[in-house]
Amino acid sequence: MPSIKKNISALWIGRFWQKSRLLCSITILFFCCSVFANLLQLETSPFFIWDMYKNPVRDKMDYDVYLIGYNNNGILNFKNTWKEPQKIYLTSPLFYYMEYKENNSIENSRKYMEDVWAAKHPAFKWLLPYLNNSAEQFAAFPDWYKKYLSSILHQEINNIDIIKTHVQFMDDQSLKTMSSDTIHLIP
C-alpha cells in the first residue's frame with residue numbers, strides 16, 4: 001500500500017513544495033485566505049465582487065449603436081468572431097478619443113488622477129505626467145487611426161465618420177431605427 005507522503009509528492013502541489021517551500025507556502029496561504037474571505041462574502045477583488053450579482057438584469061429596449069464609416073461610403077463590419085481583437089483595438093481607442101474631444105480636450109482619468117489618486121499616493125505624484133496622454137498624443141491619433149484602419153482594410157482611408165444610431169426593439173422583436181447622426185469626423 002503506497003504511503004500518503006508518496007501520493008502527495010506525486011501531485012502538482014507536492015512537486016511545487018519540493019521546488020520552493022516559501023512560494024508554495026505563500027500560495028497555500030493566499031488560497032486559504034481567499035476561501036475564508038469568500039465564505040464571509042467579503043469582496044476580495046478581483047476574484048469575487050458580491051454586489052455585482054445582487055440586482056436583477058433588466059430588459060433594455062433602447063440601444064445606441066456606433067458605426068464606423070470610411071471614405072464616405074464604407075461601413076466597417078467584421079463578419080467573423082475571430083476578428084474580435086481587431087474590432088476591440090479599433091473601437092476602444094476611438095471611443096476614448098471621442099470622449100476626449102467631447103470633454104473639451106480633457107481626459108476623464110486626468111481629473112481623477114490629480115484629485116483622488118495623487119492625494120492617496122503622494123509618493124507617486126511624480127508619475128502623473130506619464131499616466132495620461134498628452135495633447136500631442138491626442139493630436140497624432142487621427143493619422144495613426146487612419147493608417148491602422150487602412151492596414152486592416154487593405155485600402156487607403158481618406159476620412160472616417162462615426163455614426164451614432166439609436167435603435168429600439170419593438171414588441172414583435174423587430175428593430176426600429178429611431179435616429180441616426182454623424183457625431184464625429186476624422187478628415
Side-chain angles (χ1 to χ4, degrees), residues 20 22-23 25-38 40-55 57 60 62-70 75-78 81-154 156-166 181-187:
S20 175
L22 176 65
L23 190 56
S25 299
I26 292 170
T27 304
I28 291 171
L29 179 66
F30 176 77
F31 177 76
C32 291
C33 289
S34 294
V35 168
F36 181 71
N38 287 322
L40 296 176
Q41 292 189 355
L42 296 174
E43 292 184 7
T44 56
S45 180
F47 303 105
F48 294 104
I49 300 180
W50 296 100
D51 288 343
M52 181 189 303
Y53 306 106
K54 73 179 185 179
N55 294 327
V57 177
K60 188 175 174 186
D62 291 55
Y63 292 91
D64 289 328
V65 178
Y66 293 90
L67 303 171
I68 300 173
Y70 59 93
I75 297 288
L76 186 63
N77 184 17
F78 289 105
T81 57
W82 64 79
K83 298 245 181 179
E84 194 65 25
Q86 274 184 338
K87 184 169 117 180
I88 291 170
Y89 198 58
L90 276 168
T91 56
S92 293
L94 180 64
F95 291 143
Y96 190 69
Y97 175 75
M98 287 172 33
E99 184 180 276
Y100 173 78
K101 286 299 194 181
E102 289 171 4
N103 289 336
N104 298 321
S105 301
I106 298 171
E107 277 184 279
N108 285 340
S109 62
R110 183 177 297 273
K111 183 166 176 44
Y112 168 79
M113 296 297 273
E114 290 171 354
D115 296 346
V116 179
W117 188 84
K120 287 183 181 179
H121 309 285
F124 297 102
K125 205 173 195 174
W126 63 273
L127 281 173
L128 283 178
Y130 305 104
L131 296 176
N132 289 298
N133 293 311
S134 66
E136 294 82 22
Q137 289 170 318
F138 277 107
F141 176 80
D143 289 332
W144 170 84
Y145 194 79
K146 285 195 282 189
K147 286 177 188 173
Y148 182 66
L149 186 58
S150 177
S151 72
I152 289 174
L153 298 174
H154 306 293
E156 185 177 343
I157 303 297
N158 299 320
N159 62 355
I160 299 171
D161 306 327
I162 311 324
I163 304 153
K164 180 180 179 182
T165 304
H166 186 76
D181 189 25
T182 301
I183 59 169
H184 193 75
L185 298 170
I186 297 178

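The first residue in the sequence is number 1, and the count goes up from there.
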Shortest non-hydrogen contact from N158 toward K146: O-NZ, 3.6 Å
Minimum heavy-atom distance I75-G69, with the two atoms named: CD1-CA, 4.1 Å
Flag, side chain of Y145 to backbone of L90, donor-acceptor distance under 3.5 Å: yes
E114 side, atom CD; N132 side, atom CG - distance, nearest 0.5 Å: 7.0 Å
Over 12 foreign heavy atoms within 6.0 Å of CD, E156: no
Closest non-hydrogen atom pair between P142 and Y97, with its separation: CG-OH, 3.4 Å
4.5 Å side-chain heavy-atom contact, I160 and L76: no
Distance, nearest 0.5 Å, that separates OG of S34 from CG of L29: 9.0 Å
Residue pair S150 / Y70, side-chain heavy-atom distance below 4.5 Å: no
Geometric class of the F124/W117 ring pair [parallel <30°, tilted 30-60°, perpendicular >60°]: tilted
Distance, nearest 0.5 Å, that separates CD1 of I68 from CD1 of I162: 5.5 Å
Within-4.5 Å side-chain heavy-atom neighbours: E107 and N103: no
From N133 atom CG to R110 atom CZ, the distance as rounded to the nearest 0.5 Å: 8.0 Å
Residue pair L131 / M113: nearest heavy atoms and the distance that separates them: CD1-CE, 3.1 Å
Minimum heavy-atom distance between A118 and L128, given as atom pair plus value: CB-CD1, 3.8 Å
OG on S151 to CG on L149, rounded to 0.5 Å: 8.0 Å
Ring centre gap for F141 and Y96 strictly below 6.0 Å: no
Ring centres under 6.0 angstrom apart (Y89, Y148): yes
Spatial distance of atom CD (Q86) from atom CD1 (I152) [nearest 0.5 Å]: 4.0 Å
